[in-house]
Amino acid sequence: TLGPVSAATSDPTDAGAPPNSVKGIIFDLDGVFHVGDQAVPGAAGAIAWAQKNAIPHLFLTNTFSRPREAIVARLSTFGLSIDVDRILTPAVAATGIRAVVIGKPAQAFFLTAAHQRGKEPADLLMVGDDIRRDIEGAQRADLTTAPVRTGKFNDSDLSLGIRPDAIPATVADLPRWRKDREEHHR
């Protein structure tokens with residue numbers, strides 16, 4: 001069974017903005033869809049839900065040591081069907097003799113993801129498991145945020161002063177969270 005969705009506010013369905021403000025989703029991969037070699041239960045259903053409902057979505061990863069095709073192949077072993085063009089990996093920029101990697105939590109990485117989906121950052125929801133890299137980084141780029149309670153997430157993360165908009169137990173809770181949010185804001 002899926003755990004409850006909690007929120008940073010007292011109302012678990014209220015993220016403080018009208019439901020149509022979230023027009024796309026940016027997903028982290030590791031810790032959200034799988035933890036180590038185990039798929040998160042219901043994760044494939046969350047992807048199918050986004051596809052069925054034509055919700056623009058993109059997957060971010062800080063993995064740059066493997067090509068996107070290898071990432072897709074690994075994800076398929078978890079029953080996840082993701083198109084390679086929906087995966088955004090960090091950019092590596094050479095400046096003089098020093099290489100600079102631009103990935104999470106860099107604001108530019110989240111803004112690139114928004115641009116690739118043709119959305120304003122404020123129109124996007126970032127779903128991740130790392131309170132600093134995924135959630136705080138996305139908030140600095142003006143995205144709505146929802147850390148899942150899988151992967152790196154720890155309840156003590158909520159005492160760090162970072163206030164997410166919602167906290168679903170797993171990525172599988174997103175369809176219910178969005179439905180509840182839309183009903184609440186009618």
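Index from 1, following the sequence.
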To the nearest 0.5 angstrom, please state how far the CD atom of Q139 sits from the CD atom of E136. 7.5 Å

Does any part of the side chain of K23, heavy atoms only, come nearer than 4.5 Å to the side chain of I55, both counted from C-beta? no

Would you indicate whether Q116, at its atom CD, is surrounded by more than 12 heavy atoms from other residues, nucleotides or ligands within a distance under 6.0 Å? yes

Has D165 got a side-chain atom pairing as donor or acceptor with T144's backbone, closer than 3.5 angstrom? no

Could you check whether any side-chain heavy atom of R149 comes within less than 4.5 Å of a side-chain heavy atom of I167, counting everything from C-beta outward? yes

Please table the atom pairs, donor to acceptor, closer than 3.5 Å between any side-chain atom in residues 76-86 and protein atoms at least two apart or in another chain.
{"from": "S76", "atom 1": "OG", "to": "A73", "atom 2": "O", "distance (Å)": "2.6"}
{"from": "T77", "atom 1": "OG1", "to": "R74", "atom 2": "O", "distance (Å)": "2.5"}
{"from": "R86", "atom 1": "NH1", "to": "H57", "atom 2": "O", "distance (Å)": "2.7"}

Check whether I135 and F110 end up in the same hydrophobic cluster, where Ile, Leu, Val, Met, Phe, Trp and Tyr are linked by side-chain heavy atoms less than 4.5 Å apart. no

Using the rule that Ile, Leu, Val, Met, Phe, Trp and Tyr join whenever any side-chain heavy atoms are under 4.5 Å apart, tell me whether V148 and I25 fall into a single cluster. yes

For R133, does the CZ atom sit with more than 12 other heavy atoms under 6.0 Å from it, leaving out its own atoms? no

Just say parallel, tilted or perpendicular for the rings of F59 and F33, cut-offs at 30° and 60°. perpendicular

Short question: side chain of D180, backbone of W177 - any donor-acceptor pair under 3.5 Å? no

Answer yes or no: is there a donor N or O on one side and an acceptor on the other, between the side chain of D173 and the main chain of A169, under 3.5 Å? yes

Can you establish whether the number of heavy atoms outside E69 located under 6.0 Å from its atom CD is more than 12? yes

Distance col, row Q107:CD vs L143:CG, nearest 0.5 angstrom, shows 10.0 Å

Residue that, paired with I87, satisfies side-chain contact (heavy atoms from CB on, under 4.5 Å) out of L60, T61, L58: T61

Spatial distance of atom CG (L88) from atom CD1 (I26) [nearest 0.5 Å]: 8.0 Å

For G151 and V35 the tightest heavy-atom approach is N-CG2, 3.6 Å

Quick one, L29 and L75 - any side-chain contact, counting heavy atoms below 4.5 Å? yes

Could you see if F27 belongs to whatever hydrophobic cluster contains I131? Use Ile, Leu, Val, Met, Phe, Trp, Tyr and a side-chain cutoff under 4.5 Å. no

Atom CD1 of I71 and atom CZ of R66: how far apart are they, to the nearest 0.5 Å? 6.0 Å

Examine distances only and state if a side-chain atom of D134 and a backbone atom of D129 form a donor-acceptor pair shorter than 3.5 Å. yes

Share the residues that join L111 in a hydrophobic cluster, the rule being Ile, Leu, Val, Met, Phe, Trp or Tyr side chains under 4.5 Å apart at the heavy-atom level. none

Spell out, as yes or no, whether a donor-acceptor pair under 3.5 Å connects the side chain of D123 to the backbone of K119. no

What one should report as the nearest heavy-atom pair of P164 and P147 is CB-CD, 3.2 Å

Residue pair L158, F153: steps toward the side-chain contact (heavy atoms from CB on, under 4.5 Å) verdict: CA-CA 9 Å; L158 300 176; F153 182 87; 4.1 Å; yes

Go through the steps to decide whether V127 and L174 satisfy the test side-chain contact (heavy atoms from CB on, under 4.5 Å), and finish with yes or no. CA-CA 9 Å; V127 179; L174 282 182; 3.6 Å; yes

What I want to find out is whether D130 reaches K152 closely enough, with some N-O distance under 4.0 Å, to be called a salt bridge. yes

Could you grab the distance from atom CG of D28 to atom OG1 of T150, nearest 0.5 Å is fine? 9.0 Å

Flag, side chain of N62 to backbone of K104, donor-acceptor distance under 3.5 Å: yes

Are side-chain heavy atoms of P90 and I102 found at a separation under 4.5 Å? no

Atom of A172, atom of P41 and distance for their closest heavy-atom approach: CB-O, 3.7 Å

Under 4.0 Å between a Lys/Arg side-chain N and an Asp/Glu carboxylate O for D157 and R132? no

